[in-house]
Amino acid sequence: MTSMGSTGGDEGRSEGGGVNPPNSGAPGGNGRTRDADAAARTVDWELATATAIRMVRPGPQVTRAEARAVVAELRGHARSSEEHVRGFTGLVPTGAAADTPVLVVDRASWIRANVAGFRELLTPLLTRMRERRARMPGGVLLGAVGGKITGVEVGMLLSFMASRVLGQYETFAPPRPGLPGGPGGGRLLLVAPNIVHVERELDVDPHDFRLWVSLHEETHRTQFTAVPWLRDHLEGEIQAFLGETELDPSLLMERLREIAQNVTGARPEGERGESDADGADRGGRGIADLVQSPAQRDILDRLTAVMSLLEGHADYVMDGVGPEVVPSVTEIREKFQKRRQAGAGRLDQVLRKVLGLDAKLRQYKDGERFVRTVVDEVGMTGFNRVWTSPNTLPTRAEIAKPADWVARVHRSPEP
């Protein structure tokens with residue numbers, strides 16, 4: 001027997017290849033590489049990776065033959081899901097984006113992939129923070145020590161999340177050995193040990209569950225590969241948000257450590273935050289609480305709307321395709337929904353606090369209701385006008401009132 005979450009083996013191998021996108025962090029002496037080196041001294045990413053891999057929980061016990069069978073089945077479901085999702089949604093990847101890889105990974109590989117993505121996305125902000133800290137008395141020494149501390153805290157967060165994520169489309173994913181990225185930098189990860197863990201926990205048909213999960217994650221892959229402007233738009237919004245940040249580096253690192261301690265249960269005994277009347281702990285404040293200027297609040301509203309759309313669309317597609325290809329979809333959905341409501345609170349807390357977005361559970365619910373309402377009103381073709389340009393994306397208010405989006409987009413000239 002072996003722990004599926006701790007072995008590399010077949011789970012770390014990729015399906016398909018990939019080409020290196022520009023500014024992938026490869027050595028070359030360009031400005032982006034120098035920025036990445038500077039940012040690495042603000043957060044010790046290697047230490048973050050090592051900490052997360054050391055602390056992550058072992059996966060479910062399986063034989064090596066069982067592990068190979070799970071990986072092979074997930075790869076097969078990923079291939080079949082492409083056809084199902086494209087047929088249901090009418091979205092078809094074009095050009096080089098169609099080669100974006102699907103990878104079946106273990107928990108350690110998920111950690112390595114996410115460290116690479118975070119490092120790529122946060123480099124501009126961390127570079128500015130390091131430059132500001134260097135001008136402070138003793139700032140260089142504090143930066144070196146702080147980078148180690150922050151690396152440990154980031155590793156704690158990643159170790160916690162690595163045992164819970166079933167699948168993930170990495171939008172900002174530079175390639176690395178064993179983890180190729182697509183032409184635009186994306187890749188889809190299916191985390192085999194976590195899928196096996198949940199299917200056992202729910203006591204559902206494992207073959208149906210694996211296909212059901214694959215349908216959801218393939219929808220995310222299709223969203224980005226069939227809508228060429230979406231990745232750049234999302235990255236632009238995030239960088240605009242980070243670009244508005246004028247924050248003392250030590251305060252930001254302190255907030256990150258506070259978040260890590262809250263979500264991992266590592267706060268010293270006796271330390272409590274302020275509580276609501278119902279006793280809910282409010283001690284863990286998010287990074288976004290510190291940096292929300294009026295411009296940033298507007299950006300967060302738009303990001304919340306986009307994430308609600310993407311998650312709700314994936315849920316809608318998963319359940320729409322399900323009855324035809326997943327015989328036990330009703331049982332799976334019912335059990336998974338109960339699990340999501342009862343057991344996903346801490347992970348949602350991480351996402352909400354770190355990104356400053358609404359709880360992910362609400363994004364699933366509100367986004368799915370938006371998609372379902374619009375499709376009922378104007379059909380799938382009419383709904384797909386949402387992917388025309390950034391101007392046709394729903395606002396946060398329109399997510400709550402789908403009829404307003406229909407009125408704006410379908411009663412206006414083509415964008």
Side-chain angles (χ1 to χ4, degrees), residues 14-19 21-22 75 77-103 117 167-173 175 180-190 211-238 302-303 305-322 324-325 363-364 367-368 370-372 374-375 378-394 398-399 402 405 409-410 414-415:
S14 65
E15 176 177 302
V19 297
R75 287 175 174 168
H77 285 331
R79 287 191 294 269
S80 64
S81 292
E82 291 182 9
E83 180 180 351
H84 295 313
V85 170
R86 294 176 188 183
F88 186 81
T89 64
L91 298 176
V92 180
T94 59
D99 294 328
T100 298
V102 178
L103 312 178
Q168 173 187 2
Y169 183 79
E170 280 200 295
T171 315
F172 314 104
R187 58 180 165 235
L188 178 61
L189 307 179
L190 295 173
L211 177 55
W212 190 71
V213 171
S214 297
L215 288 169
H216 181 101
E217 302 307 334
E218 174 59 31
T219 302
H220 286 316
R221 178 171 174 259
T222 299
Q223 289 163 348
F224 283 93
T225 56
V227 184
W229 54 265
L230 185 58
R231 179 193 182 278
D232 289 343
H233 171 72
L234 191 58
E235 182 177 25
E237 291 279 57
I238 294 173
R302 294 195 296 271
L303 283 171
V306 172
M307 297 307 295
S308 297
L309 170 69
L310 298 180
E311 295 294 354
H313 183 238
D315 262 14
Y316 179 83
V317 172
M318 176 172 61
D319 288 342
V321 174
E324 293 187 8
V325 299
Q363 290 176 0
Y364 286 121
E368 193 276 338
F370 170 85
V371 176
R372 175 169 35 84
V374 171
V375 172
V378 297
M380 185 63 75
T381 300
F383 166 79
N384 280 343
R385 287 188 63 178
V386 77
W387 312 115
T388 305
S389 76
N391 293 330
T392 57
L393 291 172
E398 288 170 342
I399 288 287
W405 180 88
V409 173
H410 284 269
E414 288 282 350

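A quick note: this is a predicted structure, and the numbers were derived from the prediction, not measured.
Across all non-hydrogen atoms, the minimal contact from Glu398 to Trp405 is OE1-CD1, 3.5 Å. Val371 approaches Gly312 most closely through the heavy-atom pair CG2-C, 4.1 Å. Scanning both residues, Pro228 and Ala226, for their nearest heavy atoms gives CD-O, 3.4 Å. Here the closest non-hydrogen pair linking Val102 and Ala78 is CG1-CB, 3.7 Å. Considering every non-hydrogen atom in both Pro394 and Val386, the closest pair reads CD-CG2, 3.5 Å. Of all the heavy atoms in His410 and Gly382, the pair that sits closest is NE2-O, 3.1 Å.
Looking at residues two or more places apart in sequence or on another chain, you find no side-chain contact (heavy atoms from CB on, under 4.5 Å) involving Val92. For Arg302, the side-chain contact (heavy atoms from CB on, under 4.5 Å) partners at least two apart in sequence or on another chain are Glu237, Asp298, Ile299. In terms of the side chain to side chain donor-acceptor pair (under 3.5 Å) criterion, residue partners of Asp315 (sequence neighbours excluded) are, by chain and number, His216, Arg340. Under the side-chain contact (heavy atoms from CB on, under 4.5 Å) criterion, Pro390 pairs with Trp229, His233, not counting sequence neighbours. In terms of the ring pair (Phe, Tyr, Trp, His ring centres under 6.0 Å) criterion, residue partners of His313 (sequence neighbours excluded) are, by chain and number, Phe383, Trp387. Every residue meeting the side chain to side chain donor-acceptor pair (under 3.5 Å) condition with Glu82, not counting sequence neighbours, appears here in chain and number order: Arg221. Residues satisfying the side chain to side chain donor-acceptor pair (under 3.5 Å) criterion with Thr222, sequence neighbours excluded, are Glu218.
Rounding to the nearest 0.5 angstrom, the gap separating the CG atom in Leu230 from the OG atom in Ser389 is 11.5 Å. Distance check, rounded to the nearest 0.5 Å: CG of Leu310 to OG1 of Thr171 gives 8.0 Å. With rounding to the nearest 0.5 Å, the separation of CZ in Arg231 from OH in Tyr169 is 8.0 Å. Atoms CG and CD, on Leu189 and Gln168 in that order, are 5.5 Å from each other to the nearest 0.5 Å. Taking CG of Leu215 as the reference point, atom CE of Met318 lies at 8.0 Å (rounded to 0.5 Å).
Of the possible polar contacts, none joining the Thr225 side chain to the Pro93 backbone as a donor-acceptor pair under 3.5 Å is found. Of the possible donor and acceptor atoms, none in the side chain of His84 sits under 3.5 Å from a partner among the backbone N and O of Val325.
The residue from Arg187, Arg75, Glu170 that alone fulfils the side-chain contact (heavy atoms from CB on, under 4.5 Å) condition with Leu103 is Arg187.
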Output, in order, the C-alpha distance, side-chain angles, deciding distance and verdict of side chain to side chain contact (heavy atoms under 4.5 Å, CB included) for Val409 and Asn391. CA-CA 9 Å; Val409 173; Asn391 293 330; over 6 Å; no
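Side-chain contact check for Leu188 versus Glu217: some heavy-atom pair is nearer than 4.5 Å. Here the side chains of Phe224 and Thr100 are not in contact, with every heavy-atom distance at 4.5 Å or above.
No hydrogens or angles considered: a donor-acceptor pair under 3.5 Å links the side chains of Gln223 and His220.
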